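Everything on this sheet refers to the single structure shown next.
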Amino acid sequence: AQSVTQLGSHVSVSEGALVLLRCNYSSSVPPYLFWYVQYPNQGLQLLLKYTSAATLVKGINGFEAEFKKSETSFHLTKPSAHMSDAAEYFCAVSPQGAQKLVFGQGTRLTINP
Amino acid sequence: KAGVTQTPRYLIKTRGQQVTLSCSPISGHRSVSWYQQTPGQGLQFLFEYFSETQRNKGNFPGRFSGRQFSNSRSEMNVSTLELGDSALYLCASSLEGRETDTQYFGPGTRLTVL
């Protein structure tokens, strides 16, 4: 079964600093990978997705992620954190042949002024 | 386009009761999926409907059921509620329900079971 592991349930960075949220996947076949963000009392919003095209994927709000097969990773980065980035971030994998997202446990990002 | 809407937004029930949650997908979207979000278990897939048929099902007991109507609107039902069913229930819609399709999420229904 496919799964994802997010390292670090809480990440805290200063405003203007690099944001790095880690995600590793487990899959016997090339996966489809997603990053979603959830703001308080809201649903999930797609940041970006990898569907076996370019390995460096650019998303909304300045976020990007790189698919590294050798490391089974799909880490999310943003060069400069903004206060509005404070939220919970979820990495997810979609098994081939099925529309069902398998989510990681989430990483809560805090931005310090 | 209007986003995914879910009703009601908040619900309080007691153990043993049943509950029905409603989801209206984005216009033109044919696939609707349901997820349960709890602090302990995180986000878990419940089921997915496409063209009024359940195509995929997660690992939940039979008390959890759903259906989809011809206009793609979907409902999920939980019978004989337990305390552990307290959660945020999220609905998501996508165009064709392919594994690469983006799923657009609604704001969720927060269910509290007392």
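Note that the structure is predicted; figures quoted are calculated from it, not measured. Below, read A as the first sequence line, B as the second, and so on, with proteins coming before strands; counting in each chain starts at 1. Both backbone and side-chain heavy atoms feed into the values below; hydrogens, waters and symmetry mates do not.
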Identify which part of B:Tyr35 has an atom lying under 4.5 Å from any heavy atom of chain A, answering side chain, backbone, both or neither.
side chain
B:Tyr104 atom OH, neighbour heavy-atom count above 12 within 6.0 Å
no
Less than 4.5 Å to any heavy atom of chain A: does that hold for the side chain of B:Thr100, its backbone, both, or neither?
both
Shared hydrophobic cluster, A:Ile60 / A:Phe67 (ILVMFWY, side-chain heavy atoms < 4.5 Å):
yes
Taking atom NZ of B:Lys57 as the centre, does the number of heavy atoms from other residues, nucleotides or ligands within less than 6.0 Å exceed 12?
yes
Let me check something: do A:Val19 and A:Tyr89 share a hydrophobic cluster, defined by ILVMFWY side-chain heavy atoms less than 4.5 Å apart, either directly or through other members?
yes
Using heavy atoms and a sub-4.5 Å threshold, report which of residues 6-32 of chain B line up against chain A, by residue number.
B:Arg9, B:Ser31
Per-residue contact mode, B:Leu46 against chain A (heavy atom under 4.5 angstrom)
neither
Under 4.5 Å between side-chain heavy atoms, hopping through other hydrophobics if needed: is there a path connecting B:Leu81 to B:Trp34?
yes
A:Leu76-A:Val4 co-clustered via ILVMFWY side chain contacts under 4.5 Å:
yes
Any link between A:Leu101 and B:Phe45 through a network of hydrophobic side chains (Ile, Leu, Val, Met, Phe, Trp, Tyr) touching at under 4.5 Å?
yes
Considering only heavy atoms, which portion of B:Leu43 lies under 4.5 Å from any heavy atom of chain A: side chain, backbone, both, or neither?
both
Any residue of residues 33-50 of chain A which, by heavy atoms, sits under 4.5 Å from chain B
A:Phe34, A:Tyr36, A:Gln38, A:Asn41, A:Gln42, A:Gly43, A:Leu44, A:Leu46, A:Lys49
Pairs of heavy atoms under 4.5 Å with chain A: top-ranked of B:Gln44, B:Arg55, B:Gln37:
B:Gln37
Per-residue contacts, residues 106-114 of chain B versus chain A, heavy atoms under 4.5 Å
B:Gly106, B:Pro107
Interface residues of residues 105-113 of chain A facing chain B - non-hydrogen atoms under 4.5 Å apart:
A:Gln105
